[in-house]
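Working notes for the structure below.
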Amino acid sequence: MNNVQKKYFIGLTHFLGNVLGPKYEVVFHSFDKNKAHMEAIANSHVSGRTLSSFGSNLLQDKVYLDKDFVFNYKAVADSEKVIRGATYFIKNG
């Protein structure tokens, strides 16, 4: 993913965070050579995550190979609070 694409999705992340409201955390992750990077986060107070506190089984399990999205799964926030998650995979190439 190039820098122009990243800038677009970072803007979209913040737009969705504002439109959906403060109860919804929106995160943009990029994956490069089996390494994940959290590029942007809106409403991080929901989970308590920061740009440096990302870990994902979705990458390790390679869920993105078979599915375009997953939803309604349980995730644990940094505060040990269980939240409902949804992920849409934006595939490049």
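Keep in mind it's a predicted model, so treat the numbers as computed, not measured.
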List the atom pairs, with distances to 0.1 Å, where a side-chain N or O of residues 18-27 and a protein N or O form a donor-acceptor pair under 3.5 Å, not counting sequence neighbours.
unit_1, atom_1, unit_2, atom_2, d
Asn18, ND2, His14, O, 2.8
Glu25, OE1, Ser47, OG, 3.2
Glu25, OE1, Arg49, NE, 3.2
Glu25, OE1, Arg49, NH2, 2.5
Glu25, OE2, Ser47, N, 3.4
Glu25, OE2, Ser47, OG, 2.6

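For Phe69, the side-chain contact (heavy atoms from CB on, under 4.5 Å) test picks out Phe71, Tyr88, with sequence neighbours left out. Under the rule for a side chain to side chain donor-acceptor pair (under 3.5 Å), Asn3 has no partner lying at least two apart in sequence or in another chain. Remark: Lys67 engages Val63, Val70 in a side-chain contact (heavy atoms from CB on, under 4.5 Å) (not counting sequence neighbours). Taking the side-chain contact (heavy atoms from CB on, under 4.5 Å) definition, one finds that Asp68 meets it with Lys91, sequence neighbours left out. With sequence neighbours excluded, the residues satisfying side chain to side chain donor-acceptor pair (under 3.5 Å) with Thr87 are Tyr73.
Nearest heavy-atom pair, Ala42 versus Gly17, reported as atom, atom and distance to 0.1 Å: CB-CA, 3.8 Å. What you find for Glu39 and Lys6 is that their closest heavy atoms are OE2-NZ, 3.5 Å.
Taking CD1 of Ile90 as the start and NE2 of His29 as the end, the distance is 11.0 Å to the nearest 0.5 Å.
Around OH of Tyr8, the count of heavy atoms belonging to other residues, nucleotides or ligands within 6.0 Å does not exceed 12.
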